[in-house]
Amino acid sequence: MHRSVWWSMAVVPLLAAAAAPGLAQTTVNPDISIIPRFRVESNDGEKLDQGKREFSRPDLQFEELELAIQSYLNPYARGDVILTIPGPDLENSKLGIEEVYASVLRGLPLDLNLRIGKYRAEFGKLNMVHPHAWPFITQPLSQLRFFGEEGLNDLGISASVLLPTGDVYSRLTVDLLRGNSVGKAAGLPDTTGAQPLYATSARLMAFFTLGDKSDLEAGLSTYTGIHDPYNHYRFWYLNGDMKYKYRSSAYTSLTVQAEYLFNTRTVTAAPAPVSGTLNTSGLYMYADYQFFKIFSAGARYDWSEQPYSAGDRAWAVALFLGYYPVEETLGVRFQYQHTETEPGTSTRAVNLLALQVLFSMGPHKAHPF
Amino acid sequence: MKYVLLCAAACLLTTAGFGEIRIVTSLPDLADFARQIGGDKVKVDFIVRGDQNPHFVEVKPSYMMKLKSADLFFIIGMELEMWAPQLVDGSRNEKLSVVDLSKGIQKLEVPSRVDASQGDVHRFGNPHYWLDPRNVRVIMDEMVDAMVSVSPSDEKLFRANEDVYLKKLESMIPQWEGEMKPFAGSRIITFHKSWSYFTNWLNLTVADQVEPKPGITPTPSHTADLIALVRKAAIKAIVVEPFYDMSAPEQIAHAGGAKVLMLPPSEGVVDGTGDYIALMSYDVRTLAAALK
Ligand SMILES: [Zn+2]
């Protein structure tokens, strides 16, 4: 008998014991966590059309409630359901599906991982992070303009493999998606009823340990699909992301993260001002300094064009503070943001002050890098 | 039956063919025990350095890489390693056996009701049981069983190695107990509720913790209470692990007239704590000196 056959036989009896013991606590009931967010916000841009610059009355608003239900399905797979009730209308808002997917974590050839369902796709770094886990309150302009508030969140199937890069962790993820996520974000008519648009996305990432205290993750992503089903026009998004973290003690760390997104698409005259190929882009970068374990302070810079217009540019500078007295069970964030939009020739500047309060019920997971 | 025998023979041959068992442990101390048992039959690595809080470890892909090719993952259990399931999943290693070493341990402080109002990190009892050297036998027995299941042909060797090590370790226990005997009944304050097994063993009393509840950051009002307690009960030592912030303990010590004592709970960070026996000697000696 060939040695590799013997080897696989030897593995079989271990398999049953493999996944279970350390993970047993979650197998009976799913983990359930509930994370509501509230916001008080005021900006000075609402009466600019009347020639007045004054801060609006700060209202306490219900921002969103997130309900996460997570469980192992069996030793090989896990299920994740994330439901949300969006604000601000507390009385009439409906429970929606943010994500619902199953992941196969082991047992497949090549140690492949599979994901199927509706989920935040692995495109860049921030797209997979839920708003309650951001260090700031507002979504970066580039993410908002190119993907919309929901991000790249679509129905699809995803496969990922670890690449043979020695001791360095590197991973390639490829997604086949339904493809209406970006059409929605760009304010185009929803054409998914007419015909499927299918889009594909992929991310190649690598994680580098730079020493006992610092790590760097870098990734390259691409996303392509048909944005105009009548003319069969294609778009491409290319995105580079990096996250660096220096952890000097259990109480202090510095995180620097940045993403640059480039968009190229074939367009006709409308809605874009030119026909032919349109190239636009956007970026954000932020630094967040955590101190005394429970405080964080940081700054972010955004710059972005629109997916369908190079003329409509915007930039913003944001300063943010966070206070997390007991791990992530309670969080208070404050943010000041100055945004300037330049649709064509006129400039419009708006200042925003926001305070966010969130809390989290349920079992708390360790923080991913 | 014939098939089973054939399989068993194949299993033996295979493991012999592959050579060493690859083991990853959560703590460096567990890595020490695994090395003592396995000798050159094992390759051992660990995740949490002694200067990191084992409760709060960031889920990093580099840790997943350590588990990717391992046969065994030894953990303390009782949810000390809240981060372990995410690492195990991320490793994509379907032949990895996760071995919870707490099974045979006489657990302390097991709450009758699991509730986050009691803090988030000791929901299944106190997991810091490796700090009582009398528990090492239980830990190592569990390890040997798991290692034998991977490499049955090495059973004799593993058990013999375990015996040699335990003999050495257990001969030290009376000496450590003797060093601490004059201070039996002494009261100390610890930062986190991590020394319960250690103080239980040495007949010391932990009067309170700097953390109001396990895993909860010190508060000014609790710190003020502790200053009063230190003065009233004439407490001499406030024990703090290397990864905790010293400001609240120092404030209490200064105002109350006690000493802050940095005691490592795991080997390898402080000079002279290169292995578990050295660690225990260091911790006992340092604490005894402070209680004088
Ligand atoms: Zn603890």
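This is a predicted model, so every value here is computed, not measured.
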side-chain contact (heavy atoms from CB on, under 4.5 Å) partners for Ser214(A), two or more places apart: Leu210(A), Tyr244(A), Tyr246(A)

Measure distances from Ser160(A) to the heavy atoms of chain B and classify the residue's part below 4.5 Å as side chain, backbone, both or neither. both

Nearest heavy-atom neighbours spanning Val161(A) and Arg92(B): CA-NH1, 3.5 Å

Taking non-hydrogen atoms and a cut-off under 4.5 angstrom, which of residues 115-131 of chain A neighbour chain B? none

With a 4.5 angstrom heavy-atom cut-off, could you sort out which part of Leu105(A) is near chain B: side chain, backbone, both or neither? both

Any non-hydrogen side-chain atom of Leu96(B) less than 4.5 Å from a side-chain atom of Arg106(A)? no

For the CE atom of Met64(B) and the CZ atom of Arg171(A), what is their distance to the nearest 0.5 Å? 7.5 Å

Atom pair CZ (Phe207(A)) and OH (Tyr63(B)), whose distance is rounded to the nearest 0.5 Å: 8.0 Å

Step through the shown structure and confirm whether more than 12 heavy atoms of other residues, nucleotides or ligands are within 6.0 Å of NZ on Lys293(A). yes

Around Phe292(A), counting heavy atoms of other residues, nucleotides and ligands shown, do more than 12 lie under 6.0 Å from its CZ? no

Just wondering, are more than 12 heavy atoms of other shown residues or ligands nearer than 6.0 Å to NZ in Lys107(B)? yes

For Ser62(B) and Asp215(A), which heavy atoms make the closest approach, and how far apart are they? OG-OD1, 4.5 Å

How long is the span from the NZ atom in Lys60(B) to the CD atom in Glu217(A), to the nearest 0.5 Å? 12.0 Å

Set of salt bridge (charged side-chain N to carboxylate O under 4.0 Å, His left out) partners for Asp241(A), sequence neighbours left out: Arg203(A)

Could you tell me which portion of Leu112(A) (side chain, backbone, both or neither) has an atom closer than 4.5 angstrom to a non-hydrogen atom of chain B? backbone

Interface residue of largest heavy-atom contact number with chain B, from Pro325(A), Ser249(A), Gly107(A), under 4.5 Å: Gly107(A)

Anything under 3.5 Å between a donor and an acceptor, one on a side chain of residues 243-253 of chain B, the other on a protein residue two or more places apart or in another chain? List them.
unit_1: Tyr244(B); atom_1: OH; unit_2: Asn53(B); atom_2: ND2; d: 3.3
unit_1: Asp245(B); atom_1: OD2; unit_2: Ser247(B); atom_2: OG; d: 2.5

Once rounded to the nearest 0.5 Å, what's the spacing between atom OH of Tyr251(A) and atom OG1 of Thr217(B)? 7.0 Å

Just give me the residue among Val326(A), Val168(A), Asp212(A), Ile294(A) that pairs up with chain B most often, heavy atom to heavy atom, under 4.5 Å. Asp212(A)

Say you draw a straight line from CG of Asn93(B) to CG of Leu162(A); how long is it, rounded to the nearest 0.5 Å? 11.0 Å

Which bit of Thr209(A) is near chain B, if near means a heavy-atom gap under 4.5 Å: side chain, backbone, both or neither? side chain

Give the intermediate values and the outcome of side chain to side chain contact (heavy atoms under 4.5 Å, CB included) for residues Asp111(A) and Lys68(B). CA-CA 10 Å; Asp111(A) 296 329; Lys68(B) 192 176 180 329; 3.9 Å; yes

